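One structure is given below, encoded as structure tokens.
Quantities reported herein were computed from a predicted structural model and do not represent experimental measurements.
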Amino acid sequence: MLKNLIDGESGSLIKQSYYARIAHEATGERKQALETHLINAAGLAAGFAADFSSADWGYLAGLWHDLGKYQQDFQRRLNGEKISVEHSGLGAVCAMERMPQSGFPLAFAIAGHHGELADLIKGGTHQPKPLKSRLTENTPVMKAIKEAGIIPEEILERSTPELPDFLTNSSKVNSAAVQAHLKRSGEMWTRFLFSSLIDADRLDSEKFGEPEKAKLRAQFSAILELNRKLDEHLEKKVVAIPLHLQDSEVNRARRDVLNACRLRALDLPGLFSLIVPTGGGKTLSAMSFALRHAAAHGLHRVIVVIPYTSIIEQNAKEYRQALGDENIIEHHSSYDPQNRENGNETDIEKRANLATENWEAPLIVTTSVQFLETLFSSSASRCRKLHNIARSVIILDEVQTLPPGMLASILDALQELTQNYGCSLVLSTATPPALLERPNLPQGLKNVRQIIAEPEALAQKLKRVNYLWPESDEAIRWETLIDEVAQCEQVLVVVHRRQDARDLAQALVACSLKHTVFHLSALMCPAHRLEVIARIKERLKLGMPTRVVSTQLVEAGVDFDFPIVYRALGGLDSIVQAAGRCNREGRSKKGKVVIFRAPSKPPPGTPRKALDVTETMLRARGGFEPDSPEIIEEYFRRLYLTHELDCKNIQREREEFNFATVGREFRLIEDGFTESIVVPYEDAPARLNTLRQNGSDRKLLRSLQPFVVNVYPKAFKNLLDSGYLLELEAAPSLYTLRVGAENLYDDTFGLTAGDESTSAPALII
């Protein structure tokens with residue numbers, strides 16, 4: 001290597017310019033000096049890391065991240081030579097040499113900035129090389145470059161900072177628990193440094209290489225302006241309520257909720273709970289709290305985290321009406337960007353697309369999967385947005401849906417965000433889970449303040465249904481249930497399984513009720529479900545006969561308003577959520593929720609354990625009011641006792657700084673648990689043809705998400721073995737129904753061969 005650095009005849013150093021990148025344009029080459037890029041990235045990363053008291057550390061990450069580009073081989077590669085050059089490991093070596101005791105976080109971030117964070121030592125199949133191995137390999141290379149005197153002294157010898165206070169043990173207690181907590185805090189901090197570096201590096205590269213694209217970024221309304229728009233929208237909604245309904249019990253309660261949210265918005269940042277029964281107006285009230293709270297305390301953005309895409313679609317529409325399309329950034333798999341794929345996107349649409357990369361917008365609407373997996377991801381592209389979570393208001397909607405098996409790591413991370421990253425967190429729900437710290441939940445949340453002072457009293461004000469519990473321990477016969485439902489003009493039936501929903505809907509159709517029967521399940525693609533939901537709402541509004549049979553997907557966020565709801569006995573939270581689709585607007589004195597014992601059981605895992613807990617409480621209490629916050633609290637306490645709350649040992653892996661392992665293991669939707677099939681609904685075939693013609697394209701693939709159905713592995717194998725599926729050449733591992741099998745997707749029931757218990761019919765050619 002030294003031969004490439006030193007003039008062989010004179011032995012003197014060759015004076016050379018070093019570059020970070022070269023842009024090839026019609027007018028010629030443009031080169032970015034390496035030192036310029038390092039200083040630019042350092043400044044940006046410092047600004048990002050300042051939000052979590054780590055500006056000096058962010059600066060060093062940016063300053064040292066591309067030291068490996070001072071290699072002659074890398075400069076040759078820039079000039080077109082087809083050679084592979086490891087460059088990200090050299091800055092990691094520099095960090096460890098300068099800070100042997102505290103340099104690991106920087107070393108992890110720098111070494112992973114072109115791919116992902118690694119494990120410290122162990123590594124694994126399909127994972128990056130462990131950090132310690134990278135350091136060992138790159139130490140001789142770094143030594144040679146330093147000896148050659150190539151890197152400017154002011155870069156190498158930049159002064160090193162102290163660790164932030166929250167990473168030092170200021171207490172006199174030095175227990176194993178305290179040490180484990182500090183390790184996990186350091187692990188989370190490393191991710192935030194990594195994120196700051198990734199975004200800084202990519203933004204500076206973009207500014208140099210794609211300046212027109214860079215100009216589109218971060219042009220959104222300020223938080224104060226968004227708050228003003230929301231206030232105006234809420235005033236218009238009040239005026240639009242018919243006079244005879246403005247003083248109804250429901251609307252008075254909704255005003256009380258909004259006023260409480262506005263009042264408590266002035267409280268100091270931290271943890272809050274918003275316990276409001278379904279139909280209490282918490283969607284816009286929570287947003288009013290968040291915007292006012294952000295404005296009062298100088299927080300940068302509001303992030304709304306929602307478990308189901310069906311709720312996102314509904315809530316995002318409401319936010320758009322209030323705040324304008326240009327200010328809402330949706331980031332989830334089912335968002336359809338097809339209208340932006342034809343090259344004629346407006347600047348607003350382009351800006352929104354860019355904002356999904358790093359969440360720089362003031363209002364983000366995303367899924368629990370996207371948000372929570374980002375907190376534990378090792379991927380550079382996914383972690384890029386992490387630093388922008390700092391100093392945000394986070395609304396965790398339907399917080400009761402957090403998976404019990406991951407609860408220990410999730411609660412730990414949420415507490416970190418509020419304690420060390422300037423976040424305020426709103427736990428929003430109608431059925432509050434038992435997430436507070438207590439003897440048998442030591443990892444529970446601390447210092448949570450209630451926005452609604454008396455949630456029990458509010459629950460009574462908004463009580464709009466009577467619950468009818470099953471009178472017998474025997475399961476109901478489906479024929480009996482069908483007879484009862486057929487007698488109802490407008491009714492919703494919620495069952496455990498997709499097969500049950502299809503069978504019941506088909507039986508109702510057979511009762512000469514075809515044009516009044518609707519079916520909803522996850523065997524219908526998202527676009528199909530949305531269209532059916534819209535039709536159901538319109539029929540309910542017009543008072544038309546409407547009988548709906550659905551799986552649990554309607555239980556959160558789908559604002560149906562039925563006079564009667566039938567719900568299969570299951571988890572108490574699910575029963576209450578189903579009841580939220582009954583008499584939602586309080587049009588009658590009391591709606592009716594009929595709970596029945598189904599012949600089938602819920603799926604294994606949490607749903608079946610939830611049923612067992614409800615059965616236990618029912619035997620102990622007899623009939624009771626399940627929507628009481630006190631009863632719900634008891635239910636969740638019992639439910640969590642049936643689970644291992646860290647089923648993948650995520651906390652231990654975090655303490656050992658095994659980032660790649662944590663990123664692989666922390667999955668809210670298990671890899672392999674379901675398989676994806678693109679179904680022929682609406683213009684999905686046309687989009688597939690475009691994909692086949694153009695080849696693999698991330699945006700085109702994303703445009704197919706509204707037409708994807710996920711099925712269990714046995715059902716997938718059955719379909720594949722029967723010759724129904726065709727793998728897409730442009731997107732390996734993604735399948736569609738082949739020619740002749742399109743009839744397997746039904747306009748009423750969706751994918752009719754998508755359950756494990758369903759055998760595949762003969763292929764029609």
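The two residues Gly405 and His643 have their closest heavy-atom pair at N-CD2, 4.5 Å. Closest heavy-atom contact between Ala295 and Ile223: N-CG2, 3.8 Å. Closest approach of Gln450 and Ile275 over heavy atoms only: OE1-CD1, 4.1 Å. Taking both residues in full, the closest heavy atoms of Met188 and Ala413 are given as CE-CB, 3.6 Å, listed atom of the first, atom of the second, then distance. Among all heavy-atom pairs drawn from Ser409 and Met406, the shortest one is OG-O, 3.1 Å. The nearest pair of heavy atoms linking Leu462 to Val250 is CD2-CA, 4.0 Å.
Under 3.5 Å, the side chains of Gln443 and Gln651 contain no donor-acceptor pair of N or O atoms. In this structure, a donor-acceptor pair under 3.5 Å is absent between the side chains of Glu318 and Thr283. For the residue pair Asn447 / Arg449, no side-chain donor-acceptor distance below 3.5 Å is found, with atom types taken as modelled. A donor and an acceptor atom, one from each side chain of Arg498 and Thr551, are nowhere located under 3.5 Å apart.
Side-chain atoms of Val448 and Leu435, non-hydrogen and from C-beta on, never get closer than 4.5 Å to each other. Within the 4.5 Å cutoff, no side-chain heavy atoms of Leu458 are placed close to those of Asp256. Put simply, the side chain of Lys592 does not reach to within 4.5 Å of the side chain of Pro563, judged on heavy atoms. You'll find the side chain of Ile306 stays beyond 4.5 Å of the side chain of Glu398, heavy atoms only. Ile451 has its side chain out of reach of Leu263: every pair of non-hydrogen atoms, C-beta onward, lies at least 4.5 Å apart. Contact of the Tyr421 side chain with the Glu416 side chain is registered, since non-hydrogen atoms from C-beta on lie closer than 4.5 Å. You'll find the side chain of Asn327 stays beyond 4.5 Å of the side chain of Tyr319, heavy atoms only. Residues Thr278 and Arg581 have side chains in contact (heavy-atom distance under 4.5 Å, counting atoms from C-beta outward).
Put simply, the side chain of His528 never gets that close to the backbone of Pro706: no donor and acceptor are under 3.5 Å apart. Between the side chain of Thr614 and the main chain of Leu572, a donor-acceptor pair closer than 3.5 Å is present. A donor-acceptor contact shorter than 3.5 Å is absent between the side chain of Arg567 and the backbone of Val565. Side chain of Thr366 to backbone of His331: a donor-acceptor contact under 3.5 angstrom is found. A donor-acceptor pair is defined here as one N or O able to donate and one able to accept, closer than 3.5 Å; no such pair exists between the side chain of Arg391 and the backbone of Gly422. Remark: side-chain polar atoms of Lys461 are not paired, donor with acceptor, to backbone N or O of Ala253 under 3.5 angstrom. Ser392 contributes no side-chain N or O that, together with a main-chain N or O of Ile394, makes up a donor-acceptor pair within less than 3.5 Å. For Ser288 (side chain) and Leu284 (main-chain N/O), no donor-acceptor pair under 3.5 Å exists by modelled atom type. Judged by distance alone, with hydrogens and angles left aside, the side-chain atoms of Arg292 form no donor-acceptor pair with the main-chain N or O of Leu266 at under 3.5 Å. Looking only at distances, no side-chain donor or acceptor of Thr480 sits under 3.5 Å from a matching main-chain atom of Ile476.
The aromatic rings of His519 and Phe749 stand perpendicular to each other, their planes meeting at an angle above 60°, with 30° marking the opposite boundary. Ring geometry, Trp469 versus Phe624: the interplanar angle falls from 30° to 60°, so the pair is classed tilted.
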Exercise for the section: Would you sort out whether Glu625 and Tyr467 count as a side chain to side chain contact (heavy atoms under 4.5 Å, CB included), showing the intermediate values? Expected result: CA-CA 7 Å; Glu625 295 298 322; Tyr467 292 91; 3.8 Å; yes
Problem - Pair Arg254-Glu585, salt bridge (charged side-chain N to carboxylate O under 4.0 Å, His left out): steps then yes or no - result: CA-CA 11 Å; Arg254 288 171 177 169; Glu585 297 299 323; 3.2 Å; yes
Practice task
Please assess Glu373 against Leu668 for the test side chain to side chain contact (heavy atoms under 4.5 Å, CB included), listing each intermediate value before the final yes or no.
Solution key: CA-CA 7 Å; Glu373 290 188 3; Leu668 298 192; 4.0 Å; yes
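Taking the charged nitrogens against the carboxylate oxygens, Arg547 and Glu484 have no contact shorter than 4.0 Å, which rules out a salt bridge. A salt bridge is defined here as a Lys NZ or Arg NE, NH1 or NH2 lying under 4.0 Å from an Asp or Glu carboxylate O, and Lys229 with Glu232 fails to meet this definition. Salt bridge present: Asp231 and Arg262 bring a charged side-chain N and a carboxylate O closer than 4.0 Å. Salt-bridge formation is not detected for the pair Asp561/Lys541: no Lys NZ or Arg NE/NH1/NH2 atom is positioned less than 4.0 Å from an Asp or Glu carboxylate oxygen.
The 12-atom threshold is exceeded at NZ of Lys446, counting heavy atoms of other residues, nucleotides or ligands nearer than 6.0 Å. More than 12 heavy atoms of other residues, nucleotides or ligands sit less than 6.0 Å from atom CD of Glu437.
Evaluated for a side chain to side chain contact (heavy atoms under 4.5 Å, CB included) with Phe562, the options Val593, Asn583, Leu540 yield exactly one hit, Leu540.
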